[in-house]
There are 2 protein chains.
Amino acid sequence: MHDDPIPGTELFRNLNPEKQEKVFQAAVDEFASKGYRSASMNSLVRAAGISKGSLFQYFHAKEDLFAAVVDMAAARVKRYLKRVRDETAELTFFERLEWLMRAGFAFIDNHPLLAKIYFHLLQSGEAPFGSERIAELRRQGEGFLADLVRSAQRRGELRESLDTERISFLLNSLLETLLRAYYTEFLAPGLGLYRGDADSLDRWVRTTLDLIRNGLEER
Amino acid sequence: MHDDPIPGTELFRNLNPEKQEKVFQAAVDEFASKGYRSASMNSLVRAAGISKGSLFQYFHAKEDLFAAVVDMAAARVKRYLKRVRDETAELTFFERLEWLMRAGFAFIDNHPLLAKIYFHLLQSGEAPFGSERIAELRRQGEGFLADLVRSAQRRGELRESLDTERISFLLNSLLETLLRAYYTEFLAPGLGLYRGDADSLDRWVRTTLDLIRNGLEER
DNA sequence: AGATAGAATGACCACTTGGTCATAACTGCC
DNA sequence: GGCAGTTATGACCAAGTGGTCATTCTATCT
């Protein structure tokens, strides 16, 4: 369906797809559960059931393998953002935000490991490549939100006076926290967000949207 | 002024204060710049100018040393929260929030390394002890915000219908992101928050408070 | 069956890790 | 000075790291 370009050395790209998949999936598992630094090529190799020599013939270095995994995660996220944007073009700003949140939860349900890698990178900055790449990923997410805000302003749904860029950053921060807490145990202890069921997520979505829409002040 | 209890073994507690300070400061430096896992006792020992044997006589394990550093950071944060609460008791909710944010920036200016350790722990969960300790630190911060919200509700400043706990979580998320981005380069690329000057912080404070107070909807 | 090219292997390398412990150095007391 | 008790030291340990490469295996073609 989505022909992602195959990463790695020519040798790896010529491998039969099942073996490619097995190796790549083992890498995703390893990086998702331990992060870049603590991920171990030895344990990866053990899990994938191949020899260390082979792995290093498929990817020249740990760094390259991680970059390939991140590329894939980022591409998936981008596709999901694009889909939300296109499918909600006719809706109001707050309806679009709601869609975005629910699609985010669904994305985590469908790709829990990729989501973990993606958000972990965004939050920790722990990566072999420079932080420029990370900043770029952030801009991608916030730029998407900024587009939503601007087009809502044009339609008169949001106040014209808003500081679009800063507001997008703050919105992004709210959504990111929510999504991270959905799969991270200690982020929202006792608040029913971690692995929450549909009802619980519903309340979170409503509460968050209400804050963003109306603020807290009594009037 | 604040007599924090001295951590470590009896031997360490009997050391002359300058040496205590030298060792502890080296630990703070190391954990702040590398996080728990990647912090190296070898490099710490080098920086402190003592032998490895001595360090392990002062603290039995890396884990103990880290716990001592975290205890100190958490105690400082707690004191700073208490101070804000007491000194702003007469102000309105939004004035108090503003104080809280500005005091947060000042805290980072005064204790950049401790702040880094504290927030890194809260965000990454990377610690030798269980996540219960981390959850407890989170509850401390969010509980503080929840108190502010509730007392403002009693005074009629905020809507009664608010979901206090969830709102506190969201507010905490906003403030935490802002403070983290103040000392982290890649979190808000190109938005003038990282190491921002007084004017820039001013805009951020105003924009954030405006969102929290009024929301985004045109009315 | 034999030759050849391509792929798989794991012993091996230099290096780092947290932690130990026999020994050495220093201290105050008689 | 000689002794005793305390503190400092760094060589050493087992385990782990990312990465290499000479060797072996395997599949294909003649």
Side-chain angles (χ1 to χ4, degrees), chain A residues 6-70 117 126-129, chain B residues 6-70 117 126-129:
Chain A
I6 300 168
T9 63
E10 207 194 323
L11 208 175
F12 182 70
R13 289 197 300 275
N14 289 340
L15 241 47
N16 71 68
E18 297 92 56
K19 193 163 185 181
Q20 276 178 15
E21 187 52 35
K22 189 179 68 177
V23 172
F24 205 77
Q25 193 50 52
V28 169
D29 283 356
E30 183 71 13
F31 286 125
S33 67
K34 306 196 191 156
Y36 175 71
R37 260 188 186 140
S38 297
S40 157
M41 299 298 263
N42 293 317
S43 110
L44 198 170
V45 144
R46 238 175 286 132
I50 63 171
S51 74
K52 208 165 158 181
S54 289
L55 180 59
F56 278 89
Q57 282 199 309
Y58 302 157
F59 296 87
H60 290 314
K62 186 185 185 183
E63 199 175 321
D64 296 344
L65 180 51
F66 184 68
V69 170
V70 167
I117 290 170
E126 181 200 291
F129 37 81
Chain B
I6 300 170
T9 62
E10 207 194 326
L11 207 175
F12 182 70
R13 290 196 300 275
N14 289 340
L15 240 48
N16 70 69
E18 296 92 59
K19 192 163 186 179
Q20 276 178 16
E21 188 51 36
K22 189 179 65 177
V23 171
F24 204 78
Q25 193 52 50
V28 169
D29 284 355
E30 183 70 15
F31 285 125
S33 67
K34 308 196 191 156
Y36 175 71
R37 258 185 188 144
S38 297
S40 157
M41 299 298 262
N42 293 318
S43 109
L44 198 171
V45 142
R46 239 175 286 132
I50 62 172
S51 74
K52 208 165 159 181
S54 290
L55 179 60
F56 279 90
Q57 281 198 308
Y58 302 155
F59 296 88
H60 290 314
K62 186 184 184 183
E63 200 175 323
D64 297 344
L65 180 52
F66 184 69
V69 169
V70 167
I117 291 171
E126 179 200 291
F129 36 82

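Lettering follows sequence order; numbering is per chain, from 1.
- At the phosphate of C/dT17, neither OP1 nor OP2 sits under 4.0 Å from any side-chain N or O atom of B/Lys52.
- Of the candidate nucleotides D/dG18, C/dA8, C/dG19, D/dG18 has the atom nearest to the side chain of A/Met41.
- Counting any heavy atom pair closer than 4.0 Å across all strands shown, A/Tyr58 reaches sugar-phosphate atoms only and no base atom.
- A distance-only check finds a donor-acceptor pair linking the side chain of A/Thr9 to the backbone of A/Tyr58 [under 3.5 Å].
- Checked by distance alone, A/Lys62 brings no side-chain donor or acceptor within 3.5 Å of a matching partner on the base of D/dG19.
- Residues B/Tyr36 and B/Val70 have side chains not in contact (no heavy-atom distance under 4.5 Å, counting atoms from C-beta outward).
- Put simply, CZ on B/Phe56 is 16 Å from P on D/dA11, counting in whole angstrom units.
- Atoms CD and CD, from A/Glu10 and A/Gln57 in turn, are 12.5 Å apart once rounded to the nearest 0.5 Å.
- Distances shown here put a side-chain N or O of A/Ser40 below 4.0 Å from the OP1 or OP2 atom of D/dT17.
- Counting heavy atoms from C-beta outward, A/Lys34 and A/Ser43 have side chains that approach closer than 4.5 Å.
- Put simply, the side chain of A/Glu30 never gets that close to the backbone of A/Met41: no donor and acceptor are under 3.5 Å apart.
- Judged by the 6.0 Å distance and 45° axis criteria, A/Lys62 is not positioned over the aromatic ring of A/Phe31.
- Taking side-chain N and O atoms only, B/Ser51 has no distance below 4.0 Å to OP1 or OP2 of D/dG10.
- Among the nucleotides D/dT9, D/dG19, C/dA8, the one closest to any side-chain atom of A/Ala61 is D/dG19.
- A heavy-atom distance below 4.0 Å to DNA chain D is reached by none of the residues of residues 24-37 of chain B.
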